[in-house]
There are 2 protein chains.
Amino acid sequence: MQKKKYNISVEATLEVIGGKWKCVILCHLTHGKKRTSELKRLMPGITQKMLTQQLRELEEDGVIHRIVHNQVPPKVEYELSEYGWSLQDILDSLCAWGEKHISRVYGDKFAVLEENVLNDKLK
Amino acid sequence: MQKKKYNISVEATLEVIGGKWKCVILCHLTHGKKRTSELKRLMPGITQKMLTQQLRELEEDGVIHRIVHNQVPPKVEYELSEYGWSLQDILDSLCAWGEKHISRVYGDKFAVLEENVLNDKLK
DNA sequence: CGGAATCCCTCGCGATACTG
DNA sequence: CAGTATCGCGAGGGATTCCG
């Protein structure tokens with residue numbers, strides 16, 4: 001295996017969770033197992049292609065498990081692996097900081113964080 | 001001010017520290033004030049343009065301070081703002097997780113994390 | 001329903017050169 | 001030394017279509 005050089009260890013972390021949507025996906029998964037369609041609904045801005053791609057990479061890095069139920073219609077679920085759960089504190093902190101940041105910038109976080117469904121086609 | 005919609009609070013965090021190099025820059029700054037040239041040396045892969053750009057955005061978001069010393073030759077330093085220090089726990093956790101991840105993947109972190117200077121033109 | 005495969009285009013980013 | 005300006009490439013990612 002070719003050893004990759006890092007100048008600082010955080011670079012290794014970013015290779016795993018640094019993708020455009022990866023932290024968002026992982027945060028959702030800290031709330032429990034999710035179906036593909038659920039994830040898509042929770043992230044109105046993501047495309048099918050990107051969702052699949054990011055999920056594959058997270059799976060390759062061992063932080064999530066892909067669970068395929070052999071049935072019709074198909075049903076696929078994703079959940080954090082044991083290794084993935086080692087990121088929980090980080091993910092929680094990232095979310096918590098985001099809330100404080102929203103309050104700082106906008107003054108009232110409740111006016112900003114809204115129902116996902118409402119955003120479906122608002123852009 | 002136009003209120004931006006977030007579907008989950010971590011998205012707000014990623015707007016601030018989600019840039020390609022931002023976490024790396026911030027991690028270095030948790031070790032103290034740095035000059036521009038120091039940062040460049042600590043991040044052999046970054047270009048002057050990207051460094052300036054990322055620093056400007058971090059400054060706009062209020063997490064770092066830019067300190068200009070009026071002298072010749074020019075001397076500019078960057079340091080975490082008080083607000084930026086509120087990210088310290090997150091940044092430390094990201095670094096710590098990266099170290100564990102390197103060990104997990106490569107078995108021996110000491111073989112991977114090396115002197116920055118050595119990487120200058122290795123790619 | 002979940003995902004693979006194509007086409008296609010934007011714009012992120014690097015390379016280079018220049019300024020104070 | 002720190003930063004700006006300009007050009008241009010190509011990978012990242014969007015839209016669409018097809019498959020099991």
Side-chain angles (χ1 to χ4, degrees), chain A residues 4-5 7 11 14-25 28-29 32-61 64-79 116-117 119-123, chain B residues 7 11 14-25 28-29 32-61 64-79 116-117 119-123:
Chain A
K4 173 146 189 183
K5 298 295 193 331
N7 300 293
E11 293 176 3
L14 294 177
E15 281 203 348
V16 179
I17 66 171
K20 188 178 180 184
W21 298 92
K22 290 181 181 174
C23 273
V24 178
I25 292 173
H28 284 304
L29 291 183
K33 198 189 300 178
K34 301 284 179 204
R35 293 188 59 168
T36 310
S37 51
E38 286 183 279
L39 287 173
K40 225 182 299 184
R41 190 171 42 77
L42 291 167
M43 296 177 284
I46 200 171
T47 60
Q48 166 77 43
K49 181 184 177 181
M50 285 309 299
L51 179 57
T52 304
Q53 184 178 308
Q54 302 281 296
L55 285 168
R56 287 291 177 283
E57 293 177 10
L58 289 170
E59 193 189 0
E60 277 174 31
D61 285 321
I64 67 172
H65 285 140
R66 181 166 183 261
I67 306 157
V68 182
H69 302 265
N70 282 315
Q71 65 181 54
V72 177
K75 178 176 174 180
V76 178
E77 291 178 307
Y78 296 92
E79 65 178 8
N116 300 313
V117 198
N119 294 324
D120 264 335
K121 277 303 171 187
L122 280 185
K123 274 211 169 179
Chain B
N7 300 292
E11 293 176 3
L14 294 176
E15 282 202 347
V16 179
I17 66 170
K20 189 178 180 184
W21 299 91
K22 290 181 182 175
C23 274
V24 178
I25 292 173
H28 284 304
L29 291 185
K33 199 189 301 179
K34 301 284 179 204
R35 294 189 57 168
T36 310
S37 52
E38 284 183 279
L39 288 172
K40 225 183 299 185
R41 189 172 42 76
L42 291 167
M43 297 178 283
I46 201 171
T47 59
Q48 167 76 44
K49 178 185 176 180
M50 286 309 298
L51 179 57
T52 304
Q53 183 179 307
Q54 303 279 297
L55 286 169
R56 288 291 177 283
E57 293 176 8
L58 290 170
E59 194 189 358
E60 278 173 30
D61 285 322
I64 68 172
H65 285 142
R66 182 166 183 260
I67 306 157
V68 182
H69 302 265
N70 281 315
Q71 63 179 57
V72 178
K75 177 177 176 181
V76 178
E77 292 179 305
Y78 296 91
E79 66 179 5
N116 301 313
V117 198
N119 294 324
D120 265 334
K121 276 305 171 186
L122 281 184
K123 276 213 169 177

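Below, chains carry the letters A, B, ... as their sequence lines are ordered, and counting in each starts from 1. Everything quoted here is computed from the prediction, not taken from an experiment.
In this model, the phosphate group of dG3(D) is approached by a side-chain N or O of Y78(B) to a distance below 4.0 Å at OP1 or OP2. Distances shown here put a side-chain N or O of T47(A) below 4.0 Å from the OP1 or OP2 atom of dG14(D).
Although no hydrogens or angles enter the test, the distance criterion places a donor-acceptor pair under 3.5 Å between the side chain of E11(A) and the main chain of N7(A).
In this structure, V24(A) and H28(A) have side chains that are in contact, with non-hydrogen atoms separated by less than 4.5 Å. A 4.5 Å side-chain heavy-atom check between M43(A) and L51(A) finds at least one atom pair inside the cut-off.
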**Message:** Under the criterion side chain to side chain contact (heavy atoms under 4.5 Å, CB included), I'd like the reasoning laid out for K34(A) against L42(A): C-alpha separation, chi angles, the key distance, then a yes or no.
**Reply:** CA-CA 10 Å; K34(A) 301 284 179 204; L42(A) 291 167; 4.1 Å; yes
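The distance between atom CE of M43(A) and atom C1' of dG13(D), rounded to the nearest whole Å, is 15 Å. Whole-Å rounding puts the Q54(A) CD to dA4(C) P distance at 14 Å. If you take CE of M50(A) and C1' of dA15(D), they are 14 Å apart, rounded to a whole angstrom. Between L51(B) atom CG and dC1(D) atom P the separation is 14 Å, expressed in whole Å. Note: NZ (K22(B)) to P (dC13(C)) measures 10 Å, nearest angstrom. Rounded to whole angstrom, the span from the CD1 atom of I67(A) across to the P atom of dG2(C) amounts to 13 Å. Residue E77(B) contributes atom CD, which lies 16 Å from atom C1' of dG3(D) at whole-angstrom precision. Regarding N70(A), its CG atom lies at a distance of 15 Å from the C1' atom of dG3(C), rounded to whole Å.
Of the inter-residue distances, the one linking I17(B) atom CD1 with D61(B) atom CG reads 10.5 Å to the nearest 0.5 angstrom. Atoms CD and CG, from E38(A) and L29(A) in turn, are 10.0 Å apart once rounded to the nearest 0.5 Å.
Applying the side-chain contact (heavy atoms from CB on, under 4.5 Å) rule to T47(B) yields the partners K49(B), M50(B); only residues at least two apart in sequence or on another chain are considered.
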Less than 3.5 Å apart, which donor and acceptor atoms pair up between the side chains of residues 52-59 of chain A and the rest of the protein, not counting sequence neighbours?
| from | atom 1 | to | atom 2 | distance (Å) |
| --- | --- | --- | --- | --- |
| T52(A) | OG1 | Q48(A) | O | 3.0 |
| T52(A) | OG1 | Q48(A) | NE2 | 3.1 |
| Q54(A) | OE1 | W21(A) | N | 3.4 |
| E57(A) | OE1 | K22(A) | NZ | 2.7 |

Only distances under 3.5 Å count here; give the side-chain donor-acceptor pairs of residues 65-76 of chain B to other protein atoms, sequence neighbours excluded, each with its distance to 0.1 Å.
| from | atom 1 | to | atom 2 | distance (Å) |
| --- | --- | --- | --- | --- |
| R66(B) | NE | Y78(B) | OH | 3.3 |
| H69(B) | NE2 | E77(B) | OE1 | 2.8 |

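Comparing the end axes of the helix from dC1(C)-dG20(D) to dG20(C)-dC1(D), each fitted to five base pairs by superposing C1' atoms of four pairs onto the next four, gives an inter-axis angle of 50° (nearest 10 degrees).
Of the candidates dG13(D), dG2(C), dC1(C), the closest approach to any side-chain atom of P73(A) belongs to dC1(C). The side chain of R35(A) lies closest to dG2(C), out of dG14(C), dG13(D), dG2(C).
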Could you list all N or O pairs between the protein and nucleotides 4-7 of chain D that sit under 3.5 Å apart?
none

